[in-house]
Amino acid sequence: MTTYQAGKFDVAVIGAGHAGIEAALACARLGCKTAIFTINMDAVGNCPCNPSIGGTAKGHLVREIDALGGEMGKTADECFLQMRMLNRGKGPAVHSLRAQIDRLKYASVMKHKLELQENLELRQAEIVDVKRTENSEYPWQITTQMGAEFLLKKLIIATGTYLGGRIYVGEVSYEGGPDGTFAATRLGTSLRDLGLPLRRFKTGTPARVLRSSIDFSELQEQAGDEPPEAFSFMTEDMGENSVVCHISWTNENTKNIILENIHRSPLYGGMIEGIGPRYCPSLEDKIMRFPDKERHQLFIEPCGLNTEEMYLQGMSSSLPEEVQLKFYHTIKGLENAVVMRPAYAIEYDCVDPLTMSATLEFKDFPGLYGAGQFNGSSGYEEAAAQGLVAGVNAALSVLGKEPMILERSSSYIGTLIDDLITKGANEPYRMMTSRSEYRLILRQDNADKRLTPIGREIGLVTDERWESFLRKQQQIEEELQRINSTTLSPSDELNAILVSRETSAVVSGVSLADLLRRPQISYKDLESVDVNRPDLARSVFEQAEIEIKYAGYIKKQLDRVEQVQRMQEKELPADFDYKEISGLRLEAQEKLNKIKPRNIAQASRISGVSPADISVLVIWLSGRKRKGGEQ
């Protein structure tokens with residue numbers, strides 16, 4: 001192949017999915033000359049699986065991306081069809097926003113934002129080769145299928161499921177990317193030759209069916225929340241929900257058809273080698289893993305306002321197309337369903353994230369970063385979060401600034417990255433609220449309080465956003481002071497409210513704060529008797545109420561954060577052979593040498609490093625310090 005020198009960039013991003021988009025925008029907005037390469041320009045920002053953004057724990061990630069100055073939340077708000085807050089019946093720590101989006105509009109809006117972004121070039125090209133150079137200023141080089149060579153200071157790989165992609169539908173198997181696109185085959189060979197530890201994962205996507213072929217008459221409707229709530233802290237007018245979703249269920253006939261044909265599943269027939277996501281199994285997985293369950297729920301969701309495609313959430317499958325048709329037709333509402341796109345499984349290459357640092361830079365390959373499904377995660381939101389972190393850190397490195405490292409106690413993004421680089425990913429990693437030990441202080445409602453100052457310091461938070469943030473925080477503080485200093489006298493109206501909420505009436509003056517501490521009482525309940533309540537945004541009242549109602553629990557978690565912070569201050573040497581420390585078990589020595597934790601706190605989270613090993617490390621560090629060594 002004839003090659004030619006095509007240009008130089010501060011940063012290049014391979015892949016224009018959710019990870020690549022956030023990475024490229026962050027780099028360009030921080031002033032770096034950036035290029036983003038996509039194998040197909042029409043696949044920029046594509047949502048090849050569910051047409052939604054957010055969901056349990058994922059909604060937290062979207063809010064955090066937005067608080068740092070990322071783009072996913074704003075674009076989801078622009079393209080939403082329906083908004084719902086999940087887990088409202090539970091505590092605020094697990095409330096998670098989910099948007100049904102117009103997937104084609106979302107992709108179009110994101111593509112246009114890339115096209116308009118200063119310092120950023122969007123190019124359609126398959127990258128087939130990555131190599132290191134002898135050039136100290138531009139140590140990385142990439143080559144396109146057309147022979148164009150680009151020199152780079154930093155390189156971010158965000159290939160999603162394209163890298164070595166292979167599609168499976170029953171006995172049919174072929175090279176391919178999601179939604180009928182090409183796979184990136186030669187790049188995987190190049191990355192292996194470079195020395196990256198790649199492995200195979202798999203995921204799948206359900207069928208799309210024709211709206212007019214669905215019988216909605218007996219299906220359960222699922223409406224959105226009114227008024228709809230925004231992801232972005234800067235969105236002022238959300239408008240209204242424009243669609244409803246529907247719920248149906250599989251049945252015994254569905255189950256029987258799948259069991260009769262399970263030998264034709266490429267997963268159970270041994271064709272697929274890749275490991276699939278435990279928390280998002282295919283329908284045949286559900287049937288096999290839960291044989292006593294009589295039925296499984298599915299959601300019928302619109303893909304957009306200008307398409308008749310309907311998405312069957314919860315029905316991913318890799319069974320043959322004719323088998324899919326049979327079992328779809330056993331489900332209420334789908335008896336005559338016309339399948340526009342059959343479900344499929346996709347197997348792809350990804351990297352072992354244990355080889356990366358908290359900046360998402362590869363430890364043995366300075367200047368090379370990974371993000372998204374390439375790092376072993378699953379989900380649009382997890383990908384976008386990593387893309388933002390990789391992009392920010394690549395740009396900060398180019399600019400000669402300190403990296404951005406988000407701790408577990410700061411964010412779900414910090415938890416996600418720490419889990420990947422410390423525990424690894426033996427299957428596609430999915431974020432869940434249970435993965436964080438700080439759930440009550442890492443709520444989605446206070447993501448701006450936690451992260452917007454960091455985004456401002458980095459340079460991604462605009463003056464307008466910063467002024468809005470400061471104004472909101474001042475309003476929350478003033479409202480907390482008002483709540484604590486306001487006393488309500490006993491009255492028939494107040495007591496009627498309290499009794500109706502099954503809590504005791506009052507016979508003397510009581511503070512608003514004391515009333516809000518009662519589990520049965522909400523801020524809205526007291527609206528009619530709280531006559532001096534100011535006219536503020538709902539988000540201000542929400543944060544003030546949570547701060548009052550959960551103050552004791554929040555304090556406990558903050559105390560725990562302080563304890564961990566002290567462990568984080570006990571830094572470990574970046575380049576040290578742990579085999580030199582006597583008293584460490586062999587497994588601990590191997591794990592510590594592989595992961596090279598930044599501090600004692602991270603070391604304590606490594607699988608295979610016991611509390612006894614941590615004690616040995618602490619004693620060793622103390623002795624090293626006394627001898628005048630660096631911590």
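Atoms considered below: every heavy atom in the structure, side chains included; atoms not considered: hydrogens, waters and symmetry mates.
For Arg408 and Asp419, the salt-bridge test passes: some basic side-chain N is under 4.0 Å from an acidic carboxylate O. Under the 4.0 Å criterion applied to side-chain N and carboxylate O atoms, Arg200 and Asp349 are assigned as salt-bridge partners.
Classified by interplanar angle (parallel below 30°, tilted 30° to 60°, perpendicular above 60°), the ring pair Phe365/Trp140 is tilted. Ring geometry for His18 versus Tyr380: interplanar angle of 30 to 60°, hence tilted.
No more than 12 heavy atoms of other residues, nucleotides or ligands sit less than 6.0 Å from atom NZ of Lys8. Counting heavy atoms of neighbouring residues, nucleotides and ligands inside a 6.0 Å radius, atom CD of Gln565 exceeds 12 of them. More than 12 non-hydrogen atoms from other residues, nucleotides or ligands lie less than 6.0 angstrom from CE of Met41. Dense packing is recorded around CD of Gln5, with more than 12 heavy atoms of other residues, nucleotides or ligands lying under 6.0 Å away. Heavy atoms from other residues, nucleotides or ligands lying under 6.0 Å from CD of Glu226 number more than 12. The environment of Lys401 atom NZ is sparse: at most 12 non-hydrogen atoms of other residues, nucleotides or ligands sit within 6.0 angstrom.
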**OP:** Starting from the C-alpha separation in whole Å, work towards a yes-or-no answer on ring pair (Phe, Tyr, Trp, His ring centres under 6.0 Å) for Phe150 and Phe37.
**Re:** CA-CA 11 Å; Phe150 297 90; Phe37 294 88; 5.2 Å; yes
**OP:** Let me see the working for Leu187 and Asp129 under side-chain contact (heavy atoms from CB on, under 4.5 Å), right down to the final yes or no.
**Re:** CA-CA 6 Å; Leu187 178 59; Asp129 187 54; over 6 Å; no
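The minimum heavy-atom distance between Ala93 and Arg443, with the atom names listed, is CA-CG, 4.1 Å. Heavy atoms only, all atoms of each residue included: Val62 and Gly73 are closest at CG1-CA, 3.6 Å. Scanning both residues, Leu416 and Tyr429, for their nearest heavy atoms gives CD1-CE2, 3.3 Å. Pairing each heavy atom of Gln100 with each of Cys245, the nearest pair is OE1-SG, 3.9 Å. The heavy-atom pair separating Leu396 from Met404 by the smallest distance is CD1-N, 3.8 Å. The nearest pair of heavy atoms linking Leu120 to Ala28 is CB-CB, 3.9 Å.
Of the N and O atoms on the side chains of Arg103 and Asn46, at least one donor lies less than 3.5 Å from an acceptor on the other residue. Between Asn375 and Gln386, the side chains place a donor N or O and an acceptor N or O closer than 3.5 Å (distance only, hydrogens not considered). Looking at Lys113 and Thr75, their side chains do bring a donor and an acceptor atom within 3.5 Å of each other. In summary, the side chains of Arg430 and Ser377 do not present any donor paired with an acceptor at a separation below 3.5 Å, with no hydrogens or angles considered.
Both tests pass for Arg63 against the ring of Phe233: distance under 6.0 Å to the centre and angle within 45° of the axis.
Checked against Arg456 for a side chain to side chain contact (heavy atoms under 4.5 Å, CB included), the options Thr462, Leu451, Asp463 give a single hit: Asp463.
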